[in-house]
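The chains referred to below are lettered A, B, ... by the order of the sequence lines, with proteins before strands, and numbering in each begins at 1. Predicted, not measured: the structure shown is a model, and the values here were computed from it.
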Amino acid sequence: MENTHIVKKFDKNLDKLKARILEMGELVLHQVEDATAMLGAFDPVEVDRILQLDLTVNGLHKEVHDRAELLITRRQPLAVDLRQTLAPINIAGELERIGDHAKSTAKRGRILCRSSTEETVLEMIRQMSTKVQEMLFDVLIAYTNDDIELAAKVRMQDKEVDTLNKNLVKSVINILDSQASGNSESLIQLTLVSRNFERIGDHACNIARYVHQISTGEDLKASI
Amino acid sequence: MIDLTKKAGFGLDQRHRAEQRFQWAGKLAIATSLLFLLVMVGSIVTDASGVLRQTQIAVDLDLGPENVNPSNPQAASYGRIVKSSLRDMFPEVTRRKDKKRLYNLVSPEGSFEIAAMVTDNPALLGSVQTLWLTASDDLDLFLRGKVDISLPPKQRRISDAEITWIKILEDGGQLRRVANWGFLSSGDSREPEIAGILSALIGSAFSLAVCFALSFPIGIGAAIYLEEFAPANRISDLIEVNINNLAAVPSIVFGLLGLSVFLGVMGLPRSSPLVGGMVLALMTLPTIIIAARAALRSVPPSFKEAALALGASPVQAVFHHVFPVAMPGMLTGAIVGMAQALGETAPLLMIGMVAFIVDIPDSVLEPATALPVQIFLWADSPERAFTEKTAAAIIVLLIFLICMNLIAILLRRKLEQRF
Amino acid sequence: MVDPIISARGVDIFYDTKQALFDVDLDILPNKVTALIGPSGCGKSTFLRAINRMNDLIPSCRVSGSLTIDGQDIYDPAVDVVALRAQVGMVFQKPNPFPKSIFENVAYGLKIHKLSPSKSELQDRVEWSLQNAGLWNEVSDRLDQPGNSLSGGQQQRLCIARAIAVQPKVILMDEPCSALDPIATAVVEDLIDSLRKEYTIVIVTHSMQQAARISQRTAFFHLGTLVEFGDTKTIFTTPKDERTQNYITGRIG
Amino acid sequence: MSIRLTTTAAVALLTVAAPALARDQINIVGSSTVFPFSTTVAERFGKSTNFKTPVVESTGSGGGLKLFCAGVGEKFPDITNASRRIKSSEVERCATNGVKDIVEVMIGFDGIAFANSTQAAQMSLSLRDIFLALAKNVPNGDGTTQPNPYSTWNQVNPELPEVKIEVLGPPPTSGTRDAFAELAMEGGCKSFDWIKALKKSDKPAYKSLCHTLREDGAYIEAGENDNLIVQKLQANSAAFGIFGYSFLEQNSDVVQGSTVNGVAPEFEEIAGGNYPIARSLYFYVKKAHIGMIPGIQEFLGEFTAEDTWGDEGYLADKGLIPLSTSERKVWADKIDALIPLDM
Amino acid sequence: MWLDRIVIVLLAAAAGMAILVTLGIVLSLVFETMQFFEKVPVSDFLFGLKWSPQTAIRADQVGAEGSFGILPLINGTLLISAIAMAVATPLGLTSAVYLSEYSSKSARAWIKPALEILAGIPTVVYGFFAALTLAPFIRMTGGQFGLEIASESALAAGIVMGIMIVPLISSLSDDVINAVPQSLRDASLGLGATQSETIRRVVLPAALPGISGSLLLAASRAIGETMIVLMAAGMAAKLSLNPLDAVTTITVQIVALLTGDQEFDSAKTLSAFALGLFLFVITLCINVVALGIVRKYQEHYD
């Protein structure tokens with residue numbers, strides 16, 4: 001929106017809300033990245049840091065919620081303003097869930113390090129991680145710029161993540177079927193990590209829907 | 001279904017007829033009042049038209065040294081010169097009574113006119129001069145056809161002999177009708193042909209100026225006090241009742257008051273416009289106060305509250321915000337009051353303004369009359385020619401009034417608004 | 001689809017040479033609350049007043065185009081403005097009870113329109129109106145008190161009772177709550193909502209939230225044109241026109 | 001202009017405390033009947049001398065005397081006109097206020113006309129006719145009185161026409177009314193012998209009977225504006241009016257005077273004392289003011305000049321009926337010597 | 001704030017002027033009135049049915065017949081004022097209503113001042129008009145219906161006086177009506193009232209306090225008016241409610257008594273002061289009552 005509100009504070013409030021989301025997004029992005037890194041080379045201190053980070057994310061989530069509440073009380077936003085106020089609540093929820101998934105991934109890294117790891121599967125996990133990080137990054141950019149095209153792209157990418165997940169599961173099943181190896185625990189853990197990344201992708205996709213809704217008022221949940 | 005036509009019910013036919021009747025009543029009321037105005041003003045104007053011109057008569061006057069001493073022309077008896085000239089013009093007139101009638105063709109003012117002309121132009125002296133003198137009122141009336149010559153001579157002011165003389169003069173080109181500026185530029189006189197309105201006009205102007213200067217500020221002040229500042233107590237009630245009551249006191253009683261206070265106690269000069277104005281001010285005060293209060297009451301209180309909220313003191317709030325808005329209404333009251341004062345005779349009677357005053361006053365302390373007084377006096381004069389003077393004086397009064405109203409209308413139009 | 005009760009087609013309104021409304025097309029549906037919103041001077045009040053020809057009071061005002069109620073052109077010469085106003089009531093911005101008693105205020109319309117011939121009928125009707133205006137319980141014991149003695153909100157409800165007493169088909173409201181406190185506003189809004197069952201209501205308001213709360217349809221006017229008209233939900237969530245968007249979200253347009 | 005006037009007024013108000021300027025013009029008050037004559041003289045006096053024109057007020061005789069008697073000094077009038085003689089009570093009041101020496105001047109007569117419209121026939125009345133037509137109570141033939149029963153003139157006197165009695169005249173407060181009652185009514189009243197006798201036995205009853213005018217509508221009190229009476233007569237040819245001679249003279253085309261006791265209200269008849277309803281006119285001069293206010297002596301001179309109040313004088317043109325030559329001489333001498341009134 | 005205080009004191013002084021004037025009037029009247037009551041008993045004056053100063057020409061007869069009864073004068077005053085108000089109230093009010101509610105601005109701009117001229121015509125002119133035009137007309141008209149009407153009548157004087165005070169009512173009422181808030185008109189018109197219904201049922205009641213003020217002022221003027229009655233109503237002191245009779249009023253008698261050729265210390269002349277005082281007291285009573293009514297009304301609906 002090029003036009004600014006007559007009440008300048010309204011704009012500032014909305015901007016701050018957005019900033020908190022972006023801050024949250026950045027943290028979550030780091031969490032995902034760092035948790036992914038943990039899968040190959042486990043570092044208990046690092047895991048603690050990631051787990052600790054989650055508290056900050058949760059705090060931000062609460063702050064977004066409070067700010068949005070205050071904004072509604074004070075400004076009684078309508079139309080696009082209302083969506084710009086309501087969407088962060090949802091987006092923050094999604095981001096918080098992403099953070100949880102990152103946390104869960106990091107925790108699984110601890111288990112993974114106790115057993116040997118199937119390198120091919122790990123590679124697939126990394127590929128997925130890169131993909132969802134890309135999606136997450138893009139969706140944050142789309143949110144920042146109200147870029148519904150970029151958001152649409154993110155939604156498209158979700159399918160790729162799903163495919164990667166399906167492929168990973170297939171590969172794991174194949175490995176489990178072909179050899180009765182001793183690292184079945186790690187394989188299951190990796191499947192679960194993959195599941196985490198698949199969920200993160202879904203959340204990013206949801207954020208992309210909200211970005212679309214903010215701009216158009218159209219709710220895509222029902223249609224896609 | 002909605003029906004928007006007359007058939008919708010609601011007793012519409014009847015109500016629209018009532019509306020029509022109501023509007024017609026309004027038009028009728030205004031028309032009635034205006035008709036009265038028209039009839040009265042019309043009849044006055046018709047009566048007054050005679051004043052526009054006056055008749056002059058040409059007389060050959062012997063202003064030779066045997067009649068007028070060139071070194072002291074004021075001492076000469078111009079009346080005698082006029083008389084002898086008239087005798088010369090009609091040598092056949094011999095009877096004493098007829099001679100008197102002959103002399104009466106020229107206004108008694110004639111001799112003073114000659115004196116004035118001689119003073120202005122000493123070159124006239126020393127020979128026989130033909131001068132135009134004001135003719136008498138009877139001659140003037142006759143020339144204008146106001147004398148019914150079909151009546152027996154006894155019943156008219158102009159005898160057969162006089163008619164013959166006038167005809168001769170007329171044929172000889174010795175009569176002329178000129179514009180009568182004297183009416184506007186001279187004072188009162190007992191001779192209708194030269195009586196003028198100026199002294200009364202100035203007297204009225206002086207009186208009204210004094211009246212306005214006193215009653216407007218005091219009236220407005222009292223209204224503002226009562227409406228905005230007066231505590232709601234018995235004294236305020238007393239003042240309020242008092243003011244309403246004063247409006248009903250017959251005007252002559254104000255004259256009595258003026259007589260005892262302004263003349264008796266304060267020792268102001270009798271017959272002066274100052275005292276007249278003061279008495280009229282007392283009389284118009286209630287009217288102005290009542291109207292001004294109504295005007296103040298119609299100002300929305302929010303104006304004052306807004307000003308008070310901005311930190312204005314009550315006095316500032318009233319004078320800056322209420323007062324200007326109420327001004328048009330106050331002016332209306334002032335006009336009504338002043339109009340009343342302008343037309344008032346009775347109180348002036350008590351303080352000596354109902355008087356015969358020839359000299360034109362040049363200050364508020366000199367004796368003067370007022371327009372309605374002049375009208376009253378002229379209406380009471382026996383001479384027939386004063387009838388039209390009366391009418392003309394009324395016209396002057398009305399013009400005076402219209403000018404006053406005009407000023408007020410301009411002011412009001414500038415200030416008026418509806419909330 | 002329900003037929004509209006009021007329908008405007010190409011309505012232009014002028015004050016002298018100044019045009020206040022440009023080519024307005026608008027359908028008002030029966031038994032709905034239609035809100036007219038827009039910045040001051042946008043022509044919404046002008047349009048509202050055109051519906052019961054209150055504009056007639058301004059000598060310089062001229063209306064062209066077609067404005068119909070139940071298919072009858074309001075400005076048809078055959079139309080009787082009294083009949084029109086009897087069926088299109090109006091409530092004003094400031095509560096303006098007459099300097100009469102509460103009873104007389106409500107009975108006023110009934111009396112002038114001779115709608116209640118008998119005294120008991122009149123009393124019943126007044127009670128009914130006050131009941132429907134939600135005021136009866138508060139004033140039933142002091143009907144002979146002056147209307148001005150009521151509180152602002154009560155006064156406005158008295159004015160509404162006065163308007164509904166003659167059972168109009170349409171009630172026009174010109175910012176009826178702008179002089180009231182939130183509680184009084186809420187009571188009046190509640191009243192408006194309940195009146196919807198019987199009447200068609202057109203309301204001018206400056207409060208977006210109020211329009212959103214009480215109306216089913218909203219029309220947005222801007223600079224004398226009807227910019228957008230539709231379901232209130234749509235107007236306030238996803239307006240089509242950027243001017244509407246800017247206006248309702250309080251942006252510099 | 002108005003601002004300047006306002007300032008003038010304000011300044012004038014401020015200067016109120018300062019002593020008023022010495023008065024340099026004669027101040028005359030009094031009767032409205034004498035007013036036209038007094039003003040004529042004043043005007044001529046102002047124009048032909050270097051003195052200022054005297055200010056003449058019309059206050060009525062009583063009002064004039066009240067002002068006149070209020071005191072001596074510039075604040076009080078110098079001369080008062082009266083359409084009747086000063087009364088002893090008034091002289092006393094004057095004296096208590098310091099107004100001691102009053103010079104009385106009788107200036108002439110005013111005839112009171114009993115007239116009707118020229119549209120109707122001229123009437124020939126006796127004083128007794130007038131009395132019977134207008135008195136409140138009239139003798140009923142047996143030495144007692146009854147409320148006036150007459151409604152038409154021929155009931156009063158069979159020789160008179162059958163016309164409704166309708167007379168417009170001055171109100172009880174008017175001097176003309178008093179004079180009319182005294183001269184016409186009493187004159188007619190006295191023609192009854194028993195009433196004449198009553199004068200000696202019971203004067204109040206006599207006065208009451210003779211002076212009281214009927215109040216049942218036949219006598220219409222019409223105010224003091226004689227012009228108005230004349231015009232009302234024009235509008236109503238059945239009515240009669242009572243007013244001053246000068247109005248009759250000026251309006252001889254529309255109204256005619258009835259003959260009273262066979263005498264018409266004409267100049268010569270009134271001057272000769274033949275017309276029964278004529279009263280004397282006076283003015284009174286405050287001797288103390290002579291010398292104090294400039295011009296009083298000269299004004300008196302102008303008033304009593306033969307050119308002024310003589311048979312051919314200009315006051316006669318204005319309708320004043322002059323005194324006889326000998327009377328004029330007597331009064332003029334009194335004035336020259338400034339002999340004060342002695343009552 | 002000392003300046004404010006001074007201003008308020010000045011304003012109060014202006015209002016106090018009214019008291020001062022009243023005091024002056026009362027004082028200037030009371031002294032002479034006392035003298036009058038020495039000659040004529042108060043009860044004769046207040047309750048006498050006959051006003052006839054003519055019989056009291058001699059000191060020894062003063063009041064002998066109770067001829068200083070004020071009742072006929074009150075009767076005449078009220079009769080003529082009532083006629084005048086009966087003419088002026090409808091004319092003035094309907095004019096005011098028409099001017100403020102119906103007429104165009106431009107028409108109002110010249111009609112209003114034209115009507116105000118009516119107030120400025122000297123009363124002498126009205127007097128002449130009443131006496132010479134209207135009275136004969138009434139007499140003639142009455143004659144056609146077989147009515148015997150005096151050439152002087154209360155009716156002629158009353159009608160003309162009514163015309164004279166029309167502008168007083170119309171001008172002041174017009175201002176008052178103008179001041180009624182437009183919102184009340186809108187409310188009534190919005191309910192479908194016709195304009196005349198709105199005016200009669202809403203505008204006029206709302207303007208009533210102001211209108212009653214102007215009516216009171218007009219009535220006061222009518223009671224105080226002299227010249228017209230003097231010239232047109234005759235001077236007959238009669239107890240009559242017949243508008244076709246000649247009557248007289250208190251003011252006429254005051255003027256006649258004070259400007260007549262009478263002795264200045266006779267009961268006749270002194271009675272003028274008693275009349276003046278009486279008129280003063282009566283109008284005072286009327287005003288007290290009127291104020292009470294107006295106040296009550298205002299408390300109710302302001």
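In this structure, a donor-acceptor pair under 3.5 Å is present between the side chains of E/S188 and E/T198. Side-chain atoms of C/T68 and C/D73 form no donor-acceptor pair, as typed in the model, at a separation below 3.5 Å. Side chains of C/S101 and C/E104: no donor on one and acceptor on the other come within 3.5 Å.
Contacts of C/P97 with chain E are made by backbone atoms alone, with heavy-atom separations under 4.5 Å and no side-chain atom involved. Interface remark: C/I112 contributes backbone and side-chain atoms alike to the contact with chain E (heavy atom separation under 4.5 Å). The parts of C/R162 that come within reach of chain E are both its backbone and its side chain, each placing non-hydrogen atoms under 4.5 angstrom from that chain. Neither the backbone nor the side chain of C/V81 comes within contact range of chain E; no heavy atom of the residue lies under 4.5 Å from a heavy atom of that chain.
Contact annotation for residues 126-134 of chain C against chain E (heavy-atom separation below 4.5 Å): no residues qualify.
C/D16 has no carboxylate O lying under 4.0 Å from a charged side-chain N of C/R62, or vice versa, which leaves the two without a salt bridge. With salt bridges taken as basic N to acidic carboxylate O contacts below 4.0 Å, one links C/R157 and C/E138. Under 4.0 Å is where a charged nitrogen must lie from a carboxylate oxygen, and between C/R85 and C/D80 no such pair does.
Formation of a donor-acceptor pair under 3.5 Å by the E/S214 side chain with backbone atoms of E/I211 is found in this model.
Under a cutoff of 6.0 Å and an axis angle of 45°, E/R201 and C/F98 do not form a cation-pi pair.
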